[in-house]
Amino acid sequence: MSITGIKGMNDILPGEVETWQFLEEQARRIFGLYGFSEIRVPVVEKTELFQRSIGETTDIVEKEMYTFRDKSDNSLTLRPEGTAPVMRAFIQNKLHTRDPIAKLYYMGPMFRYERPQKGRYRQFHQIGAEVIGVEDAKIDAQVLTMLAHYFEAVGIVDVELQINSLGCPECRPGYRQALTAFLEDRLETLCEDCRRRYRTNPLRVVDCKVPGCKEATVGAPSVLDHLCGGCTEHFTRVQKHLREVGTAFSINARMVRGLDYYTKTTFEMVTGSLGSQNAVAAGGRYDGLIKDLGGPPLPGIGFAMGVERLALMKGEARIEAARPDLFLAALGEDAARYAFALMSRLQRRGLRTEMDYEGKSLKAQLRRADKLMAKRVLILGEDEMSRRQGQLRTMETSSQESVPLDGIEEFLAAAASPGP
RNA sequence: GUGGGUGUAGCUCAGUCGGUAGAGCACUGGAUUGUGGCUCCAGUUGUCGAGGGUUCGAUCCCCUUCACUCACCCCA
């Protein structure tokens with residue numbers, strides 16, 4: 001039995017990796033337009049970092065983290081998300097002393113021990129962005145606009161931006177109380193899960209998909225009605241700024257977050273085309289997090305996108321692997337030796353060049369050139385070698401011309417069309 | 001953690017009412033000596049996921065197990 005990979009941890013193979021590269025390149029490009037710089041942080045952190053930021057009682061911390069002890073008996077955890085490590089790095093490196101505003105983005109693997117299913121894996125990848133140091137609603141609108149811009153840039157149109165506000169430590173307890181009181185009378189009609197949620201996380205009940213629960217919570221109090229003055233004004237201004245710049249959105253007052261650190265604005269980019277994993281990107285404001293982690297009392301806002309989910313949506317419009325500019329088809333020892341050296345020189349000149357390494361028949365070599373979708377083939381047989389003339393075949397048109405081997409390098413390099 | 005589905009050639013799958021198995025694609029070779037894509041011909045490949053049971057005999061029936069997958073939970 002050969003050794004297999006770990007459940008829920010996937011290889012990204014040629015053919016799909018091109019899509020990933022595209023998604024990453026576009027993120028660098030778009031985020032750069034908005035003034036963001038990349039930050040790279042380790043995949044492993046002290047377990048405590050996630051316990052304190054994500055929240056002790058969240059599912060992530062309670063049962064989904066890859067936690068282990070190293071040889072010094074420190075409790076370490078494979079990062080289940082990116083915001084906490086970035087905040088830790090921000091605080092530790094005192095980035096606020098360099099610039100009162102930090103705009104950072106990151107991309108890389110995250111780890112959560114869950115049962116894998118479509119669009120959900122144990123090692124998954126996120127591209128995320130964070131802004132630290134701006135409280136104003138303009139930055140909320142800016143971050144959301146950048147997110148929408150990114151989706152446009154990568155050509156994913158089947159998505160909707162939903163926003164909500166979860167309030168702040170001032171007003172959220174009041175809402176929670178009002179909601180709990182409302183649900184108390186209807187406990188009997190709720191599903192089993194929701195009766196549990198009633199105790200653990202009542203906000204989740206209003207997000208339940210079970211028809212009975214949807215019905216039971218029709219008249220439930222809305223977060224938005226319980227926001228304090230400051231939070232209401234902030235949320236109103238976020239919407240106003242989004243309209244000013246023409247970023248489409250809808251309000252979903254029943255949207256909940258799985259991490260404890262969110263305050264005020266929260267949002268999701270949702271789609272109907274991914275089965276039950278309908279969120280392709282999600283995020284929100286976290287005004288208390290940095291202080292809670294021992295840093296300066298600075299506000300923050302950010303989001304993360306699931307790369308596997310983006311790739312699934314992009315999937316059909318697969319980005320083609322680069323085709324060779326030239327295939328060298330050589331026949332016989334001398335020609336093969338010549339072709340091998342020529343190939344090397346052409347590659348150094350920037351020409352994507354391939355050849356057959358095993359002395360196959362011309363037919364087989366052309367078949368391979370065709371399979372690789374090579375644009376042109378230079379045929380070098382014994383005749384060609386003795387006459388110092390190669391046959392240059394343009395595959396698409398099946399036309400062939402004789403070209404002198406003297407100066408062939410310059411000729412081929414000059415005539416090369418730029419690759420995709 | 002819970003529930004459903006699937007496991008047969010490299011890939012996608014068919015099949016045997018129980019007698020050790022096939023198709024398409026792919027790959028290799030050939031159809032005028034050195035010319036791809038279309039067509040035709042030929043050829044290679046499987047411990048029929050693993051272990052056990054019933055049986056004269058199981059890939060097909062029963063049990064167990066593993067893997068993959070989808071959904072719930074939760075989430076990007």
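Proteins get letters first, then strands, A, B, ... in listed order; numbering begins at 1 in each. Both backbone and side-chain heavy atoms feed into the values below; hydrogens, waters and symmetry mates do not.
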Query raised in the report: What is the nucleic acid contact for A:Leu259, judged by heavy atoms within less than 4.0 Å: base, sugar-phosphate only, or nothing?
Result: sugar-phosphate
Query raised in the report: When the P atoms of B:rG5 and B:rU45 are considered, how many whole Å apart are they?
Result: 36 Å
Query - Between B:rC27 and B:rG1 - C1' atom distance, rounded Å - result: 45 Å
Query - Distance in angstrom units between A:Arg112 CZ and B:rC73 P, rounded - result: 16 Å
Query raised in the report: Mind checking the P distance from B:rC48 to B:rC56? Whole angstroms is fine.
Result: 23 Å
Requested in this report: Please determine, for the side chain of A:Ile379, which listed nucleotide (B:rU69, B:rG34, B:rG29) has the closest atom?
Outcome: B:rG34
**Report entry** Positions of residues 25-58 of chain A (non-hydrogen atom under 4.0 Å from RNA chain B), listed by number
**Finding:** none
Query raised in the report: Can we say A:Glu81 and A:Arg112 salt-bridge, meaning some charged N sits less than 4.0 Å from an Asp/Glu carboxylate O?
Result: no
Query - Partner nucleotide, any strand, of B:rC72 [Watson-Crick/G-U, under 3.5 Å] - result: B:rG1
Requested in this report: Look at A:Lys7 and B:rC68 and indicate whether a side-chain polar atom (N or O) is within less than 4.0 Å of OP1 or OP2.
Outcome: yes
Query raised in the report: Stepwise, does the side-chain hydrogen bond (donor to acceptor under 3.5 Å, both in side chains) test hold for A:Arg309 with A:Thr271?
Result: CA-CA 10 Å; A:Arg309 294 179 186 184; A:Thr271 175; over 6 Å; no
Identify every side-chain donor-acceptor pair in residues 39-47 of chain A under 3.5 Å, counting partners at least two apart or on other chains, and give the distances.
| residue | atom | partner | partner atom | Å |
| --- | --- | --- | --- | --- |
| A:Arg40 | NE | A:Glu38 | OE2 | 3.0 |
| A:Glu45 | OE1 | A:Arg88 | NH1 | 3.0 |
| A:Glu45 | OE2 | A:Arg88 | NH1 | 2.5 |
| A:Thr47 | OG1 | A:Ser75 | O | 3.0 |
| A:Thr47 | OG1 | A:Ser75 | OG | 2.7 |
| A:Thr47 | OG1 | A:Leu76 | N | 3.4 |
| A:Thr47 | OG1 | A:Leu76 | O | 3.4 |
| A:Thr47 | OG1 | A:Thr77 | OG1 | 2.8 |

Query - A:Phe36-A:Tyr105 aromatic ring centre distance below 6.0 Å - result: no
Report summary line: Re B:rA42: Watson-Crick or G-U wobble partner, both distances kept under 3.5 Å, found to be B:rU28
Requested in this report: Output, in order, the C-alpha distance, side-chain angles, deciding distance and verdict of salt bridge (Lys or Arg N to Asp or Glu O under 4.0 Å) for A:Lys375 and A:Asp325.
Outcome: CA-CA 5 Å; A:Lys375 291 167 191 158; A:Asp325 298 306; 3.2 Å; yes
Query raised in the report: When only distance counts, do a donor and an acceptor, one from the side chain of A:Arg197 and one from the base of B:rC73, lie under 3.5 Å apart?
Result: no
Query raised in the report: Are OP1 or OP2 of B:rC73 and a side-chain N or O of A:Arg196 less than 4.0 angstrom apart?
Result: no
Requested in this report: List the steps, then state whether salt bridge (Lys or Arg N to Asp or Glu O under 4.0 Å) holds for A:Arg237 with A:Asp136.
Outcome: CA-CA 9 Å; A:Arg237 289 194 53 221; A:Asp136 195 274; 3.2 Å; yes
Report summary line: Of the candidates B:rC70, B:rG30, B:rG29, the side chain of A:Lys363 sits closest to B:rG30
Query raised in the report: How are the rings of A:His96 and A:Phe90 set to each other: parallel, tilted or perpendicular (split at 30° and 60°)?
Result: tilted
Report task. Please state the P separation for the pair B:rG57 and B:rG15 - nearest whole angstrom. Result -> 27 Å
**Report entry** Shortest side-chain distance from A:Gln391, nucleotide among B:rC68, B:rU35, B:rC73
**Finding:** B:rU35
Query - Atom-pair distance (CG on A:Asp383; P on B:rU35), nearest Å - result: 13 Å
Query raised in the report: If you look at every strand shown and take non-hydrogen atoms under 4.0 Å, does A:Lys63 touch a base, only sugar-phosphate, or nothing?
Result: nothing
Query raised in the report: For the side chain of A:Glu384 and the base of B:rG34, is some donor closer than 3.5 Å to an acceptor across the two?
Result: yes
Report summary line: Of the candidates B:rC70, B:rA31, B:rU28, the side chain of A:Arg367 sits closest to B:rU28
Query raised in the report: Could you state the CZ-P distance from A:Arg393 to B:rU35, rounded to the nearest angstrom?
Result: 10 Å
Requested in this report: Starting at atom CG of A:Asn10, determine the distance to atom P of B:rA76, rounded to an integer number of angstrom.
Outcome: 19 Å
Query - Integer angstrom distance from the P of B:rG19 to that of B:rC74 - result: 49 Å
Query raised in the report: Any side-chain N or O of A:Gln117 under 4.0 Å from OP1/OP2 of B:rC72?
Result: yes
Query raised in the report: Do the side chains of A:Leu166 and A:Asn164 get nearer than 4.5 Å, heavy atoms only?
Result: yes
Query raised in the report: Which is true for A:Tyr113 with a 4.0 Å heavy-atom rule: it touches a base, it touches only sugar-phosphate, or it touches nothing?
Result: nothing
Query - Length of the line joining A:Glu358:CD and B:rU28:C1', which is rounded to integer Å - result: 12 Å
Query - Gap in Å between the two P atoms, one belonging to B:rU64 and one to B:rU2, rounded - result: 15 Å
Requested in this report: For the pair A:Asp356 and A:Arg368, find out whether any cationic side-chain nitrogen is under 4.0 Å from an anionic carboxylate oxygen.
Outcome: no
Query raised in the report: Closer to the 5' end of RNA chain B via nearest nucleotide, is it A:Glu268 or A:Thr394?
Result: A:Thr394
Query raised in the report: Considering only B:rC27, B:rC70, B:rA76, which nucleotide approaches the side chain of A:Lys118 most closely?
Result: B:rC70
Report summary line: If pairing means Watson-Crick or G-U wobble with both distances under 3.5 Å, then the partner of B:rA67 is B:rU6
Query raised in the report: Reckon A:Glu62 touches a base, only the sugar-phosphate, or nothing at all at heavy-atom distances under 4.0 Å?
Result: nothing
Query raised in the report: Does a salt bridge link A:Asp370 with A:Arg367, judged by any charged N lying under 4.0 Å from a carboxylate O?
Result: no
Query raised in the report: Between A:Arg29 and A:Gln26, is any side-chain donor less than 3.5 angstrom from a side-chain acceptor?
Result: yes
Query - Nearest-Å distance once atom P is located in both B:rU59 and B:rA26 - result: 32 Å
Query raised in the report: Which is true for A:Gly119 with a 4.0 Å heavy-atom rule: it touches a base, it touches only sugar-phosphate, or it touches nothing?
Result: base
Report task. Could you work out the separation of B:rC11 and B:rG53 based on their P atoms and round it to a whole Å? Result -> 31 Å
Query raised in the report: How is A:Ala369 classified with respect to the nucleic acid when contacts are heavy atoms under 4.0 Å: base, sugar-phosphate, or nothing?
Result: nothing
Requested in this report: Report the distance from atom CE of A:Met110 to atom P of B:rC74, rounded to the nearest whole Å.
Outcome: 22 Å
Query raised in the report: Can you tell me how far C1' of B:rG34 sits from NZ of A:Lys360, to the nearest Å?
Result: 16 Å
Query raised in the report: Over how many whole Å does the gap from A:Glu114 atom CD to B:rA71 atom P extend?
Result: 13 Å
Query raised in the report: With sugar-phosphate meaning primed atoms plus P, OP1 and OP2, does A:Gln400 contact a base, only sugar-phosphate, or nothing at under 4.0 Å between heavy atoms?
Result: base
Requested in this report: Could you work out which one of B:rU69, B:rC74, B:rG34 sits closest to the side chain of A:Arg115?
Outcome: B:rU69
